[in-house]
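The first residue of the sequence shown is numbered 1, and numbering continues consecutively from there.
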Amino acid sequence: MYTLPNKLKLFAIIFMVVGALGMIAGFLTAPSSTAEVKEMMAAHGDGHGDGHAEEASGHGENHGEANAHGAEDAHGGEEAHLEHVLHQMQNRPWSALYIASFFFFMISLGVLAFYGIQHVAQAGWSPILFRVMEGITAYLPWASGIILILLLLSTMHVNHIFHWMDPDLVNPESDHYDKLIAGKSGWLNSTGFMIRAVIYLLGWNLYRHFSRKWMLNHDDATDNRWFKKNFKLTAGFLVFFIYTESMMSWDWIMSFDPHWFSTLFGWYVFAGMMVCGITVIALVTIVLKSQGYLKDVNDSHIHDLAKFMFAFSIFWTYLWFSQFMLIWYANIPEEVTYFVTRIEDYNLPFFGMVAMNFVFPLLLLMNSDYKRVNWFVVMAGIVILLGHYIDVFNMVMPATVGTSWFIGLPEIGSLLFFFGLFVFVVFTALTKAPLVPKRHPFMKESKHFHY
């Protein structure tokens, strides 16, 4: 049985506390009025709005009443701009919270999918790692609860990160009526949005609960009936997962840009989810090995995990380039705007995450020998995880925060909090059952696996 080291527990708690303080500070420092926004812009040397106001005022004095109306229009335009920036800045802590919570959620969900694939494929190399995978998926119920609360708060208009939830956009009598969003209201409506979220989360968590329960039952059974039941359940789960994962990506990520869509988006999110999940399996396995556990895990197991990290990194890059190239080359305004805003306003994180998610894995993990070196796999894994966090950042922030983005207290605090929570939940779950399944049909093959 695994025993959670006190140092690791303390480490996780410290991260959670520091992260929570950072998140709270992020919410408290967000501006609450356009006057505060104007002061902040002035403090940063942005006198753009004031210059326009003074110019309009001068024209009014020199050219009479007609240009006085122009001054009023300029003033109204400035107020509208300040109001827009205010909404962006108020969205920032919520967006940072959402990005970090979704990132660790997708890790646990990716591991659950990989775990299911190993069961259905009846893979011989991986059963020795099943308890590690089950430990990581123990975070899924926690992540599901947090995500559900954040989505519910959005539908209650506590925050405004989902732009399409504004009722004025689908009201034909409103000045803000948006014909395109109104046309999608059959899918993009708060009621359907929450019902689908509950179905996704319930289905995934029910599979996780029963699969874990039946595999623990199998340890003490005298036949393989629990193993066979789990095989059938997993086959059904994977069909459910591949549909709901795509719909989840449309609802929870793509709908931040409700005017834009991509038929590859569900696969794109899936690829990032899988590479992050497999990377975390490798990192947790290496940590446990360093603490003297999982003695039957050998270099070949680490090699295979690193091979999957490499493969899904290439698959992710293929999907990223396919999506980007086709949209950029076609140059259709309503499609290409998605990438134009990211290239212009998020140039460094946009292209930086491509280097981290493709160039680094390609260079670090292409060589078969390097896949067996633990510290090399750890180094590559850290880069991959940071790169995919930035990928989620790029998918969310441009639509919710726009040009007002920054890496500061909300972003760092949220990342630290959820990292600490993830580590605490996962390693606590690993203490609840033996780290190696007792009588899995392929356990002998897994212990003696060699590539």
Any side-chain hydrogen bond (donor to acceptor under 3.5 Å, both in side chains) pairs touching residues 421-442, not counting sequence neighbours?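 As it turns out, the side-chain hydrogen bond (donor to acceptor under 3.5 Å, both in side chains) pairs with a partner in residues 421-442, which skip direct neighbours, are His218-Arg439.
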Taking side-chain hydrogen bond (donor to acceptor under 3.5 Å, both in side chains) as the cut-off, I'd like each qualifying pair that reaches into residues 191-202, sequence neighbours left out, listed once.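 Qualifying pairs: Arg196-Asp251, Tyr200-Asp251.
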Sidechain N-carboxylate O distance under 4.0 Å for Asp296, Lys444: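 No, Asp296 and Lys444 are not salt-bridged.
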Salt bridge or not between Arg342 and Asp257? Use side-chain N to carboxylate O under 4.0 Å.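 Salt bridge present between Arg342 and Asp257.
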So is Lys371 actually on top of Phe376's ring, under 6.0 Å and inside 45° of the axis?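 Negative - Lys371 is either too far from the ring of Phe376 or too far off its axis.
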Hey, can you tell me if [X] and [Y] have their rings parallel, tilted or perpendicular (30° and 60° cut-offs)?
X	Y	value
Phe339	Trp260	perpendicular
Phe315	Phe270	perpendicular
Phe256	Phe162	parallel
Tyr98	Phe102	parallel
Phe350	Phe324	tilted
Phe11	Phe15	tilted
Phe308	Trp125	parallel

Validation row: [X], [Y] side chains within 4.5 angstrom (heavy atoms):
X	Y	value
Leu8	Phe424	no
His119	Phe130	yes
Phe27	Trp94	yes
Tyr346	Phe351	no
Val284	Leu430	yes
Met215	Glu134	yes
Trp405	Gln88	no
Phe193	Thr155	yes

Side chain to side chain donor-acceptor pair (under 3.5 Å) partners for [X], two or more places apart:
X	value
Asn189	none
Asn205	Ser144
Ser126	Gln118
Ser95	Thr400

side-chain contact (heavy atoms from CB on, under 4.5 Å) between Tyr389 and Leu415, worked out: CA-CA 9 Å; Tyr389 168 80; Leu415 191 59; 3.7 Å; yes
Partners passing side-chain contact (heavy atoms from CB on, under 4.5 Å) against [X] (at least two apart in sequence or in another chain):
X	result
Leu206	Leu202, Phe210
Trp142	Tyr139, Leu421, Val425
Gln90	Leu86, His87
Ile181	His163, Trp164, Leu169, Val170, Asp178, Pro258, His259

Going by salt bridge (Lys or Arg N to Asp or Glu O under 4.0 Å), name the pairs with one or both residues in residues 85-110, residues two or more places apart or in two chains.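 Of all non-adjacent pairs touching residues 85-110, those that pass salt bridge (Lys or Arg N to Asp or Glu O under 4.0 Å) are Arg92-Glu411.
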Check: [X] ring centroid to [Y] ring centroid under 6.0 Å:
X	Y	result
Phe240	Tyr207	no
His388	Phe103	no
Trp252	Phe105	yes

To the nearest 0.5 Å, tell me how far His301 NE2 sits from His450 NE2.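 Going from the NE2 atom of His301 to the NE2 atom of His450 covers 11.5 Å.
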Could you measure the distance from the CE atom of Met133 to the OG atom of Ser211? Nearest 0.5 Å is fine.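 With rounding to 0.5 Å, CE (Met133) is 11.0 Å from OG (Ser211).
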Going by atom types only, do Ser255 and Trp250 share a side-chain donor-acceptor pair under 3.5 Å?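 Side chains of Ser255 and Trp250: no pair found under 3.5 Å.
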Test ring pair (Phe, Tyr, Trp, His ring centres under 6.0 Å) on Tyr268 and Trp316; report intermediate values, then the result. CA-CA 6 Å; Tyr268 178 77; Trp316 175 89; 5.6 Å; yes
Sequence neighbours excluded, every pair satisfying ring-ring contact (aromatic ring centres under 6.0 Å, His included) that has a member inside residues 275-295: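 For residues 275-295, and leaving out neighbouring residues, the ring-ring contact (aromatic ring centres under 6.0 Å, His included) pairs sorted by first residue read Tyr2-Tyr293.
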Write down the atom of Ser249, the atom of Gly266, and the distance for their closest heavy-atom approach.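 So the minimum-distance heavy-atom pair works out to OG-CA, 3.3 Å.
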